[in-house]
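Below is one structure, written out as structure tokens; comments come after it.
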Amino acid sequence: MGVVILLFLLQGVLVSAGHVTRFKGHSSRSSVNIQHSSRHGAIDPAFLACVRTRYTCGVMFMDTETCGDSLCQCCGFAEPDKPTYATCSGDFTEVHKVRYIPQLPTSVQHLAFRRNLLLSEELNQGFFDNVTYIAYLVLAENKITWIDGSIFSKLTNLTCLSIAANPLQSQEAIRNALMIPGLQGLAAGQTVLGALDVKEFRNITTNVSYLWLGESHVSTYDMTVFCVLGTIRYLSLFGSSLKRLNCTCTLPFKYLDISSNKLEFFPETCTDQNQPIFPGLRELQLQYNLISSFSEELSCLPSLKFLDLSNNMIGGYTGQPFSAASVPKLNTLVLSNQCNVANSFAISDYTFTNPSLRVLILDGSGINFKGQLSPGFNKVFANDTIEYLSLAQNNFENVEDAEFLEIFGHLPLKTLILSSNVFNSFSMKTLSHFENLSTLYLASIDLSSVSDGLFDFMTSLKYLELSDNKITTIGENTFSPETRERLTFLSLAKNPFICSCDLLWFAQWYASNPRLFGSNTDYTCDNLPGVTVANYSLTVQPCLLSHAMNVAIIVTCSVLIVTLTTLILLAHFHWHIRLALYEAFMGRGDVRKLRLLADHFDYDVFVSYAKEDLPWVYGKLMPELEGRLGLRLCVHERDFIPGNNIVDNIVECVQSSKKILMVFSKDFVRSQWCQFELTYSMNHVMDYDDALIIVCMDDVVSHDMTAVMMAALRTTTYIQWEELEDVDCVSVGTSSPRSARDRWTSWCVVLQTCM
């Protein structure tokens, strides 16, 4: 059984630790801190630091400086050179122990002298001569076995004393400490003395109202001793392995901490005469126990305002334990992380209808709100008074907007915590229904974006938690100027921000008011490892235009470039295009084939030449080919039909000639019509497997020839004409030099062969 209990306690600790970790880092103000702001009767923080021997310098306060002969650390500087806390602690060894209390600044009110192996024999009135002004003294974790109250007589301001975790030999040491004049708080836990014996504490005078006896490790605690110690108002039995409390009298407590024990049942609160055992109790801490159910135990708590039952094993209950009849002044109720067998917390009608209830915390209770929906379920919260509601780590899957409003819509909420939930059917815009909402937690809900103006209708919203989501950017319209002015805290930490132009506005907003957003290190650029939003920078000019405008500019420029390129190509190849169109629509081949078969042609040779070369054609070429060889040449100045389209004349003459002769020259290169004739003739030759005869008039090869001319010269053996003194010389291709007459004859032979 003990092993089972230990496992349940461990599970409760882990669940709570996981819950705290979930919120840690998201902001400096967790749900627990907000919860404490509503507590009534809570222990003064100054006494907490003393009675629970909490670390101060380096933990509670980071502004730590060396002081007291360099043996101590001072912190909590309300003003320069005026610390409030001092720690003069060792490490349980003789080497590092502090053997005396050094002179400290007179502003020090809290002194921790721990782990220094301090013995009772070393304590005397002179031990505190250097710090007679302190009010809070911690002597925990030393070797003190007994205490004489007179040794503190010089500490006239002493208000709180901690002698916890010392090997006290008898309860007389606690008795003597309680009688120190003016003492209001005493920590004497973590000892082996067990529960206080009522006989030891009769007939004493004490002013102590804060008493911590935690970690005393007893199973049953007789509370009767506190009937004798009638001044105790704040009692802690934290972590004492308690299973049961016994009491036969009325106790004057305002605050009672029985957390982290082994209680299986809610402590009895009524006497046998049905009178309250704790008539003035305002705050009851019962977290981290093994309480599984309760029914009538809460009926005698008329003054209770704060009840913490988190991290127990409650799965259900009978009756209405939180009703006004049971706890009429209940203001704050914590029921988080119930580790019961069903792993969920069942809620019945009228559970939270106490009109005094203002704060309700149900974090991590596994409540399935969709499964709980039924006629009348909204009666669970029918009191219309809850202002602070925490529902982190529950189940909102498939809960629709109307269903959410049915359950919670009537509540006058000022604080709402919905972190670590899944909302797949619920619209965040529904939250605008809560017009009084000033604090909203939406951390870890897988929110991928924030719609523009989503929070603008929450006119009371000042604190917004959106950390640990999947938000990649925040735009200028996400929060209106009025909303940005209204917010006092906005956490967007631990989101995978994409640092680009879209985030530039938010980066500038963050830089202008970093305190609004919390931790700097938790705002990082997911696409830029090691870069934070705070130090992310980008030139403003590239971001001045919107994404749509950038796309429009790129598309427009692309269209202009394509159009301009097309026009240039059309201008450069318009003859090729014209020829291609002509060929496509005019037809070819049939007439040519018939003429070849019938050997019926109007001309033997079509001559293509530039008009500048006309003298050579008339003076050299025509006499030789027409006069000597008897060939019929087609020369356009002579043979083109007047009035016809030039293109029609060229095509008709090429089709009506057996062979084509091209006269390449520098002027031929510059003539558009010559280039057209060449292009058409090349296609004609390729289509009909014909031969093209080329004569180069000069050193045209070395000049800037067209692509078609270069192709023709590279694929055709051409004739190079050379002016000689004695003859009209020609040579064939790259043949070796011969006499002018021989070369002329060779050219004629070639031409006749081609015919």
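If you're wondering where the values come from, they're calculated on a predicted model, not measured in any experiment.
Between E403 and K370 there is a salt bridge, since a side-chain N of the basic residue sits under 4.0 Å from a carboxylate O of the acidic one. The pair E435-K414 fails the salt-bridge criterion, with no side-chain N (NZ, NE, NH1 or NH2) lying under 4.0 Å from an Asp/Glu carboxylate O.
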Task: Residues Y210, Y255; criterion side-chain hydrogen bond (donor to acceptor under 3.5 Å, both in side chains); working and verdict - done: CA-CA 9 Å; Y210 294 85; Y255 171 95; over 6 Å; no
TODO: List the steps and the verdict of ring pair (Phe, Tyr, Trp, His ring centres under 6.0 Å) for Y234 and W212.
DONE: CA-CA 8 Å; Y234 302 84; W212 181 58; over 10 Å; no
Task: Derivation of the side-chain contact (heavy atoms from CB on, under 4.5 Å) call for L309 and I291 - done: CA-CA 8 Å; L309 282 164; I291 300 172; 4.1 Å; yes
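Atom CD1 of I258 sits about 12.0 Å away from atom CG of D308, to the nearest 0.5 Å. Of the inter-residue distances, the one linking S390 atom OG with D363 atom CG reads 3.0 Å to the nearest 0.5 angstrom. To the nearest 0.5 Å, the span separating OG on S444 from CG on N469 amounts to 6.5 Å. Between D526 atom CG and N495 atom CG the span is 10.0 Å, to the nearest 0.5 Å. Annotation: the span from F497 atom CZ to T472 atom OG1 amounts to 8.5 Å, rounded to 0.5 Å. With rounding to the nearest 0.5 Å, the separation of CG in L440 from CG in L418 is 6.5 Å.
Residue F77 qualifies as enclosed at atom CZ: its count of foreign heavy atoms under 6.0 Å is above 12.
No donor-acceptor pair under 3.5 Å is formed between the side chain of D502 and the backbone N or O of S500. Looking only at distances, no side-chain donor or acceptor of H433 sits under 3.5 Å from a matching main-chain atom of L405. Here the side chain of S259 pairs no donor or acceptor atom with the backbone of Q285 at under 3.5 angstrom. Judged purely by atom type and a 3.5 angstrom limit, S420 has no side-chain atom pairing as donor or acceptor with the backbone of Q393. A distance-only check finds no donor-acceptor pair linking the side chain of D446 to the backbone of N421 [under 3.5 Å]. Between the side chain of D63 and the backbone N or O of G76 there is at least one donor-acceptor pair closer than 3.5 Å. At least one donor-acceptor pair under 3.5 Å links the side chain of S356 to the backbone N or O of P328. With hydrogens and angles disregarded, no donor-acceptor distance shorter than 3.5 Å links the side chain of D384 to the backbone of L411. Looking only at distances, no side-chain donor or acceptor of S241 sits under 3.5 Å from a matching main-chain atom of H217. Using a distance-only test at 3.5 Å, with no hydrogens or angles considered, a donor-acceptor pair links the side chain of Y523 to the main chain of L492.
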Show me the side-chain donor-acceptor pairs of residues 447-456 shorter than 3.5 Å, one per line, residues at least two apart or across chains.
{"residue": "D456", "atom": "OD1", "partner": "S480", "partner atom": "N", "Å": "3.2"}
{"residue": "D456", "atom": "OD1", "partner": "S480", "partner atom": "OG", "Å": "3.2"}
{"residue": "D456", "atom": "OD1", "partner": "T483", "partner atom": "OG1", "Å": "2.6"}

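The ring-ring contact (aromatic ring centres under 6.0 Å, His included) with F408 is formed by just one residue from the set F369, F352, F434; it is F369.
Listed here is the closest heavy atom pair of Q338 and N311: NE2-N, 4.1 Å.
Applying the side-chain hydrogen bond (donor to acceptor under 3.5 Å, both in side chains) test to R484 and every residue at least two apart in sequence or in another chain returns nothing.
You'll find the ring centres of F489 and F517 outside the 6.0 Å limit. The ring of F253 has its center closer than 6.0 angstrom to the ring center of F226.
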